[in-house]
Amino acid sequence: QVQFVESGGGLVQAGGSLRLSCAVSGSRFSFSVMGWYRQAPGKERELVATKSSGGTSTYADFVKGRFTVSRDIAAKMVFLQMNSLNVEDTAVYYCNAQDPFDRQYWGQGTQVTVSA
């Protein structure tokens with residue numbers, strides 16, 4: 001059974017930084033893609049950033065230049081460094097992992113709240 005441990009969320013003032021971490025266990029396979037999605041109240045879940053095992057990073061337009069996604073492939077971990085946070089970044093952030101068979105796995109989510 002695939003299990004997630006997410007950490008790093010919390011409350012920060014606008015302009016501040018947070019670093020999210022996610023460790024995944026329980027899969028026999030390496031993950032082809034790992035990354036982060038978020039869901040704000042009343043909105044649909046949306047992609048934030050992903051990184052493939054080949055090193056390709058994908059970012060939503062609204063985070064480019066502010067957030068950086070990285071991975072420790074061997075440890076099955078993914079990180080999200082978030083800088084210059086603003087109130088609109090307030091959401092629950094979900095870790096995501098995709099295995100070589102395109103199966104998607106989700107973490108339980110970590111709350112990020114940015115105050116004005």
Side-chain angles (χ1 to χ4, degrees):
Q1 183 177 357
V2 177
Q3 295 182 324
F4 288 72
V5 177
E6 298 170 322
S7 62
L11 174 64
V12 64
Q13 287 188 328
S17 299
L18 286 173
R19 179 176 170 84
L20 304 183
S21 298
C22 172
V24 188
S25 62
S27 173
R28 294 190 295 133
F29 306 104
S30 297
F31 296 109
S32 54
V33 182
M34 294 185 74
W36 297 90
Y37 289 70
R38 73 185 189 185
Q39 187 167 17
K43 296 187 178 180
E44 294 187 351
R45 190 173 298 188
E46 60 184 355
L47 178 145
V48 176
T50 63
K51 195 169 187 75
S52 73
S53 55
T56 300
S57 297
T58 300
Y59 293 95
D61 287 342
F62 55 77
V63 303
K64 285 181 179 178
R66 300 189 297 129
F67 294 6
T68 302
V69 62
S70 59
R71 286 180 65 177
D72 182 332
I73 294 175
K76 296 181 181 178
M77 295 186 71
V78 63
F79 309 93
L80 185 68
Q81 178 66 43
M82 304 187 292
N83 299 326
S84 301
L85 285 160
N86 57 55
V87 174
E88 291 72 31
D89 295 317
T90 295
V92 178
Y93 285 69
Y94 294 92
C95 181
N96 172 271
Q98 178 179 310
D99 72 12
F101 305 98
D102 291 336
R103 291 177 297 200
Q104 301 279 345
Y105 301 94
W106 294 93
Q108 74 281 4
T110 184
Q111 177 70 46
V112 171
T113 302
V114 184
S115 63

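This structure is a prediction, so every number in the text was calculated from the model and none was measured.
- With hydrogens and angles ignored, the 3.5 Å screen pairs a side-chain donor or acceptor of Ser32 with a backbone N or O of Gln98.
- For the side-chain hydrogen bond (donor to acceptor under 3.5 Å, both in side chains) test, residues two or more places apart in sequence or in another chain that qualify with Gln111 are Thr113.
- Hydrophobic clustering of Ile, Leu, Val, Met, Phe, Trp and Tyr side chains at less than 4.5 Å, counting indirect connections, keeps Val33 apart from Tyr94.
- Judged as a side chain to side chain contact (heavy atoms under 4.5 Å, CB included), and not counting sequence neighbours, the contacts of Ala14 are Val114.
- Taking the side chain to side chain contact (heavy atoms under 4.5 Å, CB included) definition, one finds that Ala75 meets it with Asp72, Met77, sequence neighbours left out.
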Anything under 3.5 Å between a donor and an acceptor, one on a side chain of residues 18-31, the other on a protein residue two or more places apart or in another chain? List them.
from	atom 1	to	atom 2	distance (Å)
Ser27	OG	Phe29	N	3.1
Ser27	OG	Phe29	O	3.2

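- Partners of Ser53 according to the side chain to side chain contact (heavy atoms under 4.5 Å, CB included) rule, which considers only residues two or more places apart in sequence or in another chain, are Arg71, Ile73.
- Cluster note: Val5 groups with no other residue, as no ILVMFWY side-chain heavy atom lies under 4.5 Å from it.
- Remark: Ser84 pairs with Arg66 by the side chain to side chain contact (heavy atoms under 4.5 Å, CB included) rule, at least two apart or across chains.
- Residue pairs meeting the ring-ring contact (aromatic ring centres under 6.0 Å, His included) criterion with at least one partner in residues 33-54, sequence neighbours excluded, are Tyr37-Trp106.
- Taking NZ of Lys43 as the start and CZ of Arg38 as the end, the distance is 8.0 Å to the nearest 0.5 Å.
- The distance from atom OG1 of Thr50 to atom CG of Leu80, rounded to the nearest 0.5 Å, is 11.0 Å.
- With sequence neighbours excluded, no residue forms a side-chain hydrogen bond (donor to acceptor under 3.5 Å, both in side chains) with Glu6.
- Under a cut-off of 6.0 angstrom, the local environment of CD in Gln13 is sparse, with at most 12 non-hydrogen atoms contributed by other residues, nucleotides or ligands.
- By the side-chain hydrogen bond (donor to acceptor under 3.5 Å, both in side chains) test, Asn83 is found to be paired with Ser17, Gln81, residues two or more places apart in sequence or in another chain being considered.
- As a member of the Ile/Leu/Val/Met/Phe/Trp/Tyr network built from side-chain separations under 4.5 Å, Leu11 groups with nothing else and remains a singleton.
- Among residues two or more places apart in sequence or in another chain, the side-chain hydrogen bond (donor to acceptor under 3.5 Å, both in side chains) test is passed with Asp99 by Arg103, Tyr105.
- In the hydrophobic cluster analysis, where Ile, Leu, Val, Met, Phe, Trp and Tyr join through side-chain heavy atoms closer than 4.5 angstrom, Val48 is grouped together with Val112.
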